Amino acid sequence: MNKAKLIGFLVPAVILLVAAWGLWMWFFCRFYVAPNQMAVVISKHGDALQPGQILAHDGQQGIQETVLGEGRHFLNPFLYAHELHPMLIITPGKVGIVTSKVGADLPEGEFLADEK
């Protein structure tokens, strides 16, 4: 096969693959998170969680510790699932208390944790 025939085959093949990938991403992997909502991501693949671990890190199977905010997002439906949930909005004059179920315990007598 000469060089011209090879290029004549590869260029359309690459263009077709890129177009197919773009269509896959746009029509099957795209979802929208509306304002005042968040998307909880569930990984369908990866390593198992450690004993006592509640949320999964990158590369682990299960509910991911990072949620997605409003906007357009792309996730492969064979690898990830997502659930939309309303965000909790704390109005002015009110106080919200967050109790974390993950991370190290605070030292004795402390009730505020450093942001990490």
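The basis for the numbers below is simple: all heavy atoms, side chains too, and nothing from hydrogens, waters or symmetry mates. Not measured: the values here are computed from a predicted model.
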[X]-[Y] co-clustered via ILVMFWY side chain contacts under 4.5 Å:
{"X": "V18", "Y": "W26", "value": "no"}
{"X": "F27", "Y": "F78", "value": "yes"}
{"X": "V11", "Y": "F9", "value": "no"}
{"X": "L55", "Y": "L79", "value": "no"}
{"X": "I7", "Y": "I15", "value": "yes"}

Can you check whether [X] reaches [Y] side chain to side chain, under 4.5 Å on heavy atoms?
{"X": "P92", "Y": "K94", "result": "no"}
{"X": "D58", "Y": "Q64", "result": "yes"}
{"X": "L75", "Y": "V41", "result": "yes"}

_Taking CH2 in W21 as the centre, count heavy atoms belonging to other residues, nucleotides or ligands within less than 6.0 Å. Is the count above 12?_
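For W21, atom CH2 is not crowded (no more than 12 foreign heavy atoms under 6.0 Å).
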
Exceeds 12 heavy-atom contacts within 6.0 angstrom, atom CZ of F28: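 Not more than 12 within 6.0 Å, no.
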
side-chain contact (heavy atoms from CB on, under 4.5 Å) for L49 and Q61? Distances and angles first, verdict last.
CA-CA 7 Å; L49 298 179; Q61 184 177 1; over 6 Å; no

Let's go through Q60 and Q53 carefully: what are the C-alpha distance in whole Å and the side-chain angles of both, what is the deciding distance for side chain to side chain donor-acceptor pair (under 3.5 Å) to 0.1 Å, and is it a yes or a no?
CA-CA 11 Å; Q60 290 183 311; Q53 186 179 358; 2.8 Å; yes

Of I42, V67, I63, which is the lone residue that meets side-chain contact (heavy atoms from CB on, under 4.5 Å) with E83?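 When side-chain contact (heavy atoms from CB on, under 4.5 Å) is applied between E83 and each of I42, V67, I63, only I42 qualifies.
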
query: Rounded to the nearest 0.5 Å, how far apart are NE2 of H45 and CG of N76?
result: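 These two atoms lie 9.0 Å from each other.
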
**Asked** What's the spacing between K5 NZ and L10 CG if we round to 0.5 Å?
**Response**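 Reported to 0.5 Å precision, the distance equals 14.0 Å.
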
Exercise for review: Report the C-alpha distance between H85 and Q37 in whole Å, list the side-chain angles of each, state the deciding distance to 0.1 Å, and finish with yes or no for side chain to side chain donor-acceptor pair (under 3.5 Å).
Suggested key: CA-CA 6 Å; H85 295 279; Q37 285 191 327; over 6 Å; no

Quick one, N36 with I89, criterion side-chain contact (heavy atoms from CB on, under 4.5 Å). Give me CA distance, side-chain angles, the key distance, then yes/no. CA-CA 8 Å; N36 298 323; I89 299 173; 3.5 Å; yes

Grab the two heavy atoms, one from [X] and one from [Y], that are nearest each other, plus how far apart they are.
{"X": "P35", "Y": "Y32", "result": "CD-OH, 3.9 Å"}
{"X": "A39", "Y": "L84", "result": "CB-CD2, 3.8 Å"}
{"X": "R30", "Y": "R72", "result": "CD-CD, 3.6 Å"}

Exercise. Tell me, with the steps shown, if Y80 and K44 meet side-chain contact (heavy atoms from CB on, under 4.5 Å).
Key: CA-CA 5 Å; Y80 298 96; K44 298 178 181 180; 5.8 Å; no

* Applying side-chain contact (heavy atoms from CB on, under 4.5 Å), run through F31 and L68 and close with a yes or a no. => CA-CA 11 Å; F31 66 97; L68 301 175; 3.8 Å; yes

